[in-house]
Visitor: 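Have a look at the structure that comes next, please.
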Amino acid sequence: MNLKIFIPFVLYGVFFLVILIVWFRIRKYLKRNEEIRSQLIRKNRIARNYDVFMNTLSKQEQKELPESMITLGNGDGTLELTLFTSLYCEMCKDICTIVDRIIFAYEDEIKINIFFKKQSSEEKNSFLYILHSVFLSQGTQEFLKALQFWFENSNLESWKMASDYNYEKSKEALSASNDWYVQNGIIATPSVFINGYIYPDQFEKEDLFYHIEGIIENK
């Protein structure tokens, strides 16, 4: 019996089998991808749903926050966003970028208070005093520019402290605000509050802009 005549059929069968296995794997991968995509879409719809967010937010404890050293936006705004952040926190870079975006879109409609977590090293705190000086002497936009520059370069040498800047007063105010946060058990950064209600853990802070947008659009 000449087996050579069966070789093409065997090769064809092996080739077909390989193609079939690869196809099933690709199909499984595509199906899994579609499921993940659908889950993300559903998650985003829930996470960015105004009514769900506001209902969850209103169930949080409302706190009477201390007076801020740095206030951006509309000081008389009825919508008040408060951020407790740190210059030495990787996640804080992202949240500060979101604050920049909020200010750009809704500066006239929101009041934003910014508190910085004090470090044990006074040398590290010196950068906070520089930022405070920049805010007082050069305003919101230059302050945000300096803050972004810090997160990208860990340096503020380009900004000099104003000669009439009250170092001791700033230091006292920073210490007082830090004492309040510590006494209230708030040590994590970034911590976010909306009208005194702490931002719910169930929601990603990366969605903060969409929630602020929802609150403003639904006034």
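Note that these values count all heavy atoms, side chains included, but never hydrogens, waters or copies made by symmetry. The residues of the chain are indexed from 1 along the displayed sequence.
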Visitor: Rounded to the nearest 0.5 Å, what's the gap from CZ on Arg101 to SG on Cys96? Could you check?
Guide: 15.0 Å
Visitor: Is the count of non-hydrogen atoms from other residues, nucleotides or ligands lying under 6.0 Å from Glu67 atom CD greater than 12?
Guide: no
Visitor: Which pair of heavy atoms, one from Asn195 and one from Thr78, lies closest together, and at what distance?
Guide: OD1-O, 3.3 Å
Visitor: Linking I/L/V/M/F/W/Y whenever their side-chain heavy atoms sit closer than 4.5 Å, directly or via other members, would Met91 and Leu208 fall into one cluster?
Guide: no
Visitor: Using the side-chain contact (heavy atoms from CB on, under 4.5 Å) rule, take Met69 and Leu174 through it: C-alpha gap first, then chi angles, then the decisive distance, then the call.
Guide: CA-CA 8 Å; Met69 293 168 58; Leu174 178 64; 4.1 Å; yes
Visitor: I'd like to check Asp179 versus Gln183 (side-chain heavy atoms, cut-off strictly below 4.5 Å). Are they in contact?
Guide: yes
Visitor: Has Asn113 got a side-chain atom pairing as donor or acceptor with Thr82's backbone, closer than 3.5 angstrom?
Guide: no
Visitor: Should the pair Lys63-Glu61 be classified as a salt bridge under the 4.0 Å nitrogen-to-oxygen rule?
Guide: yes
Visitor: Quick check on the hydrophobic clustering: are Phe193 and Tyr197 connected, directly or via other members, by side-chain heavy-atom contacts under 4.5 Å?
Guide: no
Visitor: May I ask you to test the Leu144-Leu72 pair for a side-chain heavy-atom distance under 4.5 Å?
Guide: yes
Visitor: Taking all atoms of both residues into account, what is the closest heavy-atom pair of Leu156 and Ala146, and its distance?
Guide: CD2-O, 3.4 Å
Visitor: Could you state the interatomic distance from CD (Gln141) to CD (Glu107), rounded to the nearest 0.5 Å?
Guide: 6.0 Å
Visitor: Please find out if less than 6.0 Å separates the ring center of Trp150 from that of Tyr88.
Guide: yes
Visitor: Are Phe84 and Phe115, when compared by the centres of their aromatic rings, separated by less than 6.0 Å?
Guide: no
Visitor: Tyr129 and Tyr165: aromatic ring centres closer than 6.0 Å?
Guide: no
Visitor: Does Asn55 reach the main-chain N or O of Asp51 with its side chain, forming a donor-acceptor pair under 3.5 Å?
Guide: no
Visitor: Please report the interatomic distance NE2(His211) to OG1(Thr56), rounded to the nearest 0.5 Å.
Guide: 9.0 Å
Visitor: Is it the case that the side chain of Asn178 and the backbone of Phe116 share a donor-acceptor pair, with hydrogens and angles ignored and the cut-off at 3.5 Å?
Guide: yes
Visitor: Is any side-chain heavy atom of Asn74 closer than 4.5 Å to one of Ile110?
Guide: no
Visitor: So does Asp201 have more than 12 non-hydrogen atoms from other groups sitting under 6.0 Å from CG?
Guide: no
Visitor: State whether the side chain of Thr97 and the backbone N or O of Lys93 hold a donor-acceptor pair below 3.5 Å, judged by distance alone.
Guide: yes
Visitor: Can you give me the closest heavy-atom contact between Asn166 and Lys169, atom names plus distance?
Guide: OD1-N, 2.9 Å
Visitor: Side chains of Cys92 and Leu87: closer than 4.5 Å at any heavy-atom pair?
Guide: no
Visitor: Output the distance between atom CG (Leu65) and atom CD (Glu80), rounded to the nearest 0.5 Å.
Guide: 7.0 Å
Visitor: Looking at Ile187, is its backbone amide N or carbonyl O close enough to the side chain of Lys117 to form a donor-acceptor pair, meaning the two atoms are under 3.5 Å apart?
Guide: yes
Visitor: Looking only at atom types and distance, does a side-chain atom of Asn125 sit under 3.5 Å from a main-chain N or O of Lys118, one as donor and one as acceptor?
Guide: no
Visitor: Go through Thr71 and Ile112 one step at a time and tell me if the side-chain contact (heavy atoms from CB on, under 4.5 Å) criterion holds.
Guide: CA-CA 6 Å; Thr71 299; Ile112 301 180; over 6 Å; no
Visitor: Minimum heavy-atom separation for Pro66 to Trp180, with atom names?
Guide: CD-CD2, 3.5 Å
Visitor: Taking Glu123's backbone N and O only, do any of them form a donor-acceptor pair with Ser126's side chain (distance below 3.5 Å, no angle check)?
Guide: yes
Visitor: Taking the side chain as C-beta and beyond, is there a heavy-atom pair between Ser177 and Ser68 under 4.5 Å?
Guide: no
Visitor: Looking at every heavy atom in both Phe209 and Ala105, which two are closest together, and how far apart are they?
Guide: CE1-CB, 4.1 Å
Visitor: Taking C-beta and beyond as the side chain, do Thr189 and Ile95 meet within less than 4.5 Å on heavy atoms?
Guide: no
Visitor: Between Glu142 and Trp159, does any side-chain donor sit less than 3.5 Å from a side-chain acceptor?
Guide: yes
Visitor: Nearest 0.5 angstrom please: Glu109 CD to Leu79 CG, how far?
Guide: 9.0 Å
Visitor: More than 12 foreign heavy atoms under 6.0 Å from NZ of Lys205: is that the case here?
Guide: yes
Visitor: Do Ile216 and Tyr199 sit in the same hydrophobic cluster, where Ile, Leu, Val, Met, Phe, Trp and Tyr count as joined when their side-chain heavy atoms come under 4.5 Å apart?
Guide: yes
Visitor: If I take atom CG from residue Asp207 and atom CG from residue Asn49, how far apart are they, to the nearest 0.5 angstrom?
Guide: 12.0 Å
Visitor: Determine whether Phe143 and Leu136 fall in the same hydrophobic cluster, where Ile, Leu, Val, Met, Phe, Trp and Tyr are linked whenever their side-chain heavy atoms lie under 4.5 Å apart.
Guide: yes
Visitor: Under the side-chain contact (heavy atoms from CB on, under 4.5 Å) rule, what do Tyr167 and Glu172 come out as? Steps first, then yes or no, please.
Guide: CA-CA 9 Å; Tyr167 174 91; Glu172 290 174 10; over 6 Å; no
Visitor: Any donor and acceptor pair, going by atom type alone, linking the side chain of Asn184 with main-chain N or O of Ile186 inside 3.5 Å?
Guide: no
Visitor: Does Glu90 CD have over 12 foreign heavy atoms under 6.0 Å away?
Guide: no
Visitor: With side chains defined as the heavy atoms from C-beta onward, is the minimum distance between Met54 and Ile215 less than 4.5 Å?
Guide: yes
Visitor: Same cluster or not: are Val192 and Ile70 linked, directly or through other Ile, Leu, Val, Met, Phe, Trp or Tyr residues, by side-chain heavy atoms under 4.5 angstrom apart?
Guide: yes
Visitor: Angle between ring planes, His132 versus Phe135, binned at 30° and 60°: parallel, tilted or perpendicular?
Guide: parallel
Visitor: Any side-chain heavy atom of Ile98 within less than 4.5 Å of one from Asp100?
Guide: no
Visitor: If you look at every heavy atom in Ser133 and Lys160, which pair is closest and at what distance?
Guide: OG-O, 4.5 Å
